[in-house]
Amino acid sequence: MAVILSFFFLIFSRMDLYLVLQLLVAVVVAVVGVWTVRLLLRHAWYTHKLTGFSKPQTHSWLMGHMGKMQSSEEGLLQVDDLVETYKHSCSWFLGPFYHLVRLFHPDYVKPLLMASANITMKDELIYGHLRPWLGQSLLLSNGGEWSRKRQLLTPAFHFDILKNYITTFNSSTNTMHNKWRHLVAEGKNNLEMFDHVTLMTLDSLLKCAFSYNSNCQESNSEYVSAIVELSDLIIDRRLRILHHWDWFYWKTHQGKRFKKALNVVHRFTREVVQKRRAFINLQKETETKPNVSTTPQRKKDFVDIILLSKDEDGHGLTNEEIEAEANTFMFAGHDTTASAICWTLYNLARHAHHQEKCRQEVMDLMQGRSGHEIEWEDLSSLPFTTMCIKESLRLHSPVQAVTRRYTQDMPLPGDLIVPEGVICLVSIYGTHHNPVVWTNPHEFDPLRFDPTSPQNHSSHAFIPFSSGPRNCIGQKFAMAELRVVVALTLLRFRLALGVNPEVRNGSGEVRRLPQLVLRAEGGLWLQLEPLDTQQSG
C-alpha cells in the first residue's frame, strides 16, 4: 500500500494541478457511473421478478412509490384502500433503492412469519436506524447469533420470573393514579394519556430491568429524557431519505443530537451492567468462604438473569451483549406497552357499556379484599377485560408492520414467489383490518375474542406481537402489565373521551399517528372521574 501511495504521489507531483483535478473528477464520475448502472440493473431485475404481484400505480418506472407511504391518518387510510383493492398482497418500490412486497392476509403472512429463523433476516430499511442504539441485540441479529441469544434470554421471560414483576406493575400504576387524583383535585380532569402512561411504563421497566427507582413519574430523569429523544429522532430519520445513509446523517444537527442522547443511555446501561457483574462475582466469592454470613437474597431483575444465563457450553453473554439486550428491553418494552394501554383506555372510554362490564369484573375480583392489588393469580380471572385488551390490540395495534428478508425465494399461495433479498413488509394493521378476514373490521367488538365461542379466524389473523420463531419474546410480560394497569385504572376511575385544548372548533375525531408505535396527533385525551369506592393504592 505504501508503494502504491508513493507511486501516485510521484505522478501527482509532476502533474499540473488542473490535470490532477481533472483526473480526480474522472475517477469520481466513473465510480458514480458504475454504482448507478448496478443500481438500475438491480432495479430492473427486481421489477421483472415481482411482476406476479399486483402493483399500485406509480409516479414513474424509476421513482416507483417514493413519497406515497405516509406516517399519518391518511397513510393508514391508504392501507385500507390497498387491502380493499388487492386483498392479500402487492409489490411496492421506493425509488430504485428498496423493493418490497406488502402483505395483509393471514394465508400470505403465515409462511413468511413461520419460516425458519436460519433463513429469516431483519432488513436495514426499518431496523438499521436502531442499530447504533441497540447494537447486535436479539431484535437485530440473525442466524446462529440470533438462536444463541434467544436461548439465553428465554429464561428472563419465564412465568416464575414474570410473577415477580406484578408488584412493580402495581406500584408504578399507583404512582400514576396518585398523580391523576391530584390533578383532578386541581380541576384538571382532561388529561393527555401518552405523556403519563409512557413515563409509567418507563418507571416500571427501569425497576424490572435494573432494580432502579428513577422516580421519573414525578421528576425529570436524564436517562428517560434521552430515551424519548432517541425514539423521536429515529422517527424523523426514517422520513428523510438522505438521512438513511450514515455518512450523511452523522454530520447533520439531528445526527449530533442522536449521538449526544445515545451517550447518556449507553453510559447508564454500561455502569449498571458493570456494577452488577462485579456484585455477582463478589457474591460468588463470599458464598465459597466458610463462616461468612451472606446478605438476604433480593429478587432477581432482568440484568441479573441474563448475567447468570449460560448456553450448553457454559458460556454466557458478554457485558456488551447484555448492554444491548437491556437497551432493547427498555426500547421495545416501554413505547409499545404504553401505546397498547392508551388505546385500550380510549376504546373503553368510547364504549361505556364495555367499560362498565370490565369494571364490574374487577370489582367482583376485589370483593372482600382489604387492599387493591392485582396478583399474578388474578390475571386469569379477568376474561372480559382481556377480551377488550385483545380487541384493542387488533383495532389499534401498537406496531403497524414488521419487515423481513429471506436468504432464499419464498413461495406464497397462488404460485407467487417472493425473490431472495426482497423486503417483505408484513402489515399487521392491514391484516387486522382486512374485511376478508374480519367482519366490520373497524368496529370495536371484544366478543371476537370470546374463548367460549368457536374461533372463526385463522391463526395469523391476529398478530400484534408478530408470530413464529421471531415473535416478540416479551409478549407475556406486556400482556401481564396491560391487564394490571387497565384493571386498576377502571377500578379507580371512570373514563370518557376528552378534548385537546389546543384544537379549536375541531371535529373531536382522533387522528391516528403511526410512528415507531401507534400514537395520536396532538395526543390522546381522556376525561377522568375518580370513583368514590376506590381506595388509595
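Hydrogens, waters and symmetry mates are skipped; everything else that's a heavy atom, side chains included, is used. Residue numbers run from 1 in the order of the sequence given.
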So which heavy atom on Ser204 is nearest to which on Glu481, and how close? OG-OE2, 3.4 Å
Identify each donor-acceptor pair in which a side-chain atom of residues 109-118 lies under 3.5 Å from a protein atom, sequence neighbours left out, and give them as a table.
| from | atom 1 | to | atom 2 | distance (Å) |
| --- | --- | --- | --- | --- |
| Ser116 | OG | Asn118 | N | 3.1 |

For Arg448, is there any backbone N or O sitting under 3.5 Å from a side-chain donor or acceptor partner on Glu391? no
For Thr431 and Ala461, the nearest pair of non-hydrogen atoms, with its separation, is CG2-O, 3.8 Å
Can a donor-acceptor pair be found, under 3.5 Å and without considering hydrogens, that links the side chain of Ser339 to the backbone of Asp335? no
Quiz question: by atom type and distance under 3.5 Å, do the side chains of Gln355 and Arg350 form a donor-acceptor pair? no
Which residue is it: Val517, Leu202, Leu206? I am looking for the one with a side chain to side chain contact (heavy atoms under 4.5 Å, CB included) to His334. Leu202
Applying salt bridge (charged side-chain N to carboxylate O under 4.0 Å, His left out), which residue pairs with at least one partner in residues 112-122 are found, sequence neighbours left out? none
Would you indicate whether Gln475, at its atom CD, is surrounded by more than 12 heavy atoms from other residues, nucleotides or ligands within a distance under 6.0 Å? yes
Step by step, work out the side-chain hydrogen bond (donor to acceptor under 3.5 Å, both in side chains) result for Arg492 and His177. CA-CA 8 Å; Arg492 297 166 179 167; His177 288 167; 2.9 Å; yes
For the pair Arg512 (side chain) and Glu521 (backbone), establish whether a donor and an acceptor sit closer than 3.5 Å, ignoring hydrogens and angles. no
Residue pairs involving residues 135-157 (criterion ring pair (Phe, Tyr, Trp, His ring centres under 6.0 Å); sequence neighbours excluded): Phe157-Phe302, Phe157-Phe329
Salt bridge (Lys or Arg N to Asp or Glu O under 4.0 Å) between Asp232 and Arg257, intermediate numbers included: CA-CA 11 Å; Asp232 291 341; Arg257 281 175 56 202; over 6 Å; no
Backbone N/O of Ile166 and side chain of Asn170: donor-acceptor pair under 3.5 Å: yes
Is the side chain of Lys179 donor-acceptor paired with the backbone N or O of Gln217 at a distance under 3.5 Å, no angle test? yes
Nearest heavy-atom approach of Trp250 to Lys256 is O-CG, 4.0 Å
Heavy-atom closest pair, residues Gln400 and Pro514: CG-CB, 3.9 Å
Shortest non-hydrogen pair, Phe493 vs Arg181, comes out as CZ-CG, 4.0 Å
Thr252 (side chain) donor-acceptor with Tyr249 (main chain) under 3.5 angstrom: yes
Work out which heavy atom in Gly333 is nearest to a heavy atom in Leu205; give both atom names and the distance. C-CD1, 3.3 Å
Begin with the C-alpha distance, continue with both residues' side-chain angles, and end with the deciding distance and a verdict on side-chain hydrogen bond (donor to acceptor under 3.5 Å, both in side chains) for His396 and Asn347. CA-CA 9 Å; His396 294 100; Asn347 282 311; 3.1 Å; yes
Please answer whether the main-chain N or O of Asn164 pairs with a side-chain N or O of Thr168 as donor and acceptor at a distance below 3.5 Å. no
Crowding at NZ, Lys390 (>12 non-hydrogen neighbours, <6.0 Å): no
Check the pair Phe268, Tyr212 against ring-ring contact (aromatic ring centres under 6.0 Å, His included), reporting the backbone distance first and the verdict last. CA-CA 11 Å; Phe268 174 87; Tyr212 178 73; 5.1 Å; yes
Would you say the side-chain atoms of His182 pair up with the backbone N or O of Asn178, donor to acceptor, closer than 3.5 Å? yes
Is the His351 ring parallel, tilted or perpendicular to the His354 ring (thresholds 30°, 60°)? tilted
Could you tell me which residues satisfy ring-ring contact (aromatic ring centres under 6.0 Å, His included) with His433, sequence neighbours excluded, listed by chain and number? Tyr429, His442
Sidechain-backbone polar pair: Ser392 side chain, Cys388 backbone, donor-acceptor under 3.5 Å: no
Sorted by first residue and then second, give each side-chain hydrogen bond (donor to acceptor under 3.5 Å, both in side chains) pair with at least one member in residues 258-272; sequence neighbours left out. Thr269-Asn327
Could you go through His129 and His244, starting from their C-alpha distance and side-chain angles, then the distance that decides it, and tell me whether this counts as ring-ring contact (aromatic ring centres under 6.0 Å, His included)? CA-CA 8 Å; His129 302 157; His244 285 209; 4.7 Å; yes
side-chain hydrogen bond (donor to acceptor under 3.5 Å, both in side chains) between Glu320 and Gln136, intermediate numbers included: CA-CA 9 Å; Glu320 291 75 17; Gln136 284 298 113; over 6 Å; no
Please indicate whether Asp364 has more than 12 foreign heavy atoms, meaning atoms of other residues, nucleotides or ligands, lying under 6.0 Å from its CG. yes
When you compare the side chains of His105 and Ser89, does any donor N or O come within less than 3.5 Å of an acceptor on the partner? no
Give every residue pair that meets the salt bridge (charged side-chain N to carboxylate O under 4.0 Å, His left out) criterion with at least one member in residues 152-174, sequence neighbours excluded. Asp160-Lys163
Going through the distances and angles, do Asn142 and Arg405 end up as a side-chain hydrogen bond (donor to acceptor under 3.5 Å, both in side chains)? CA-CA 11 Å; Asn142 296 299; Arg405 283 190 303 107; over 6 Å; no
From OG1 (Thr489) to CZ (Arg359), nearest 0.5 Å: 10.0 Å
Check: His432 ring centre within less than 6.0 Å of Phe462 ring centre: yes
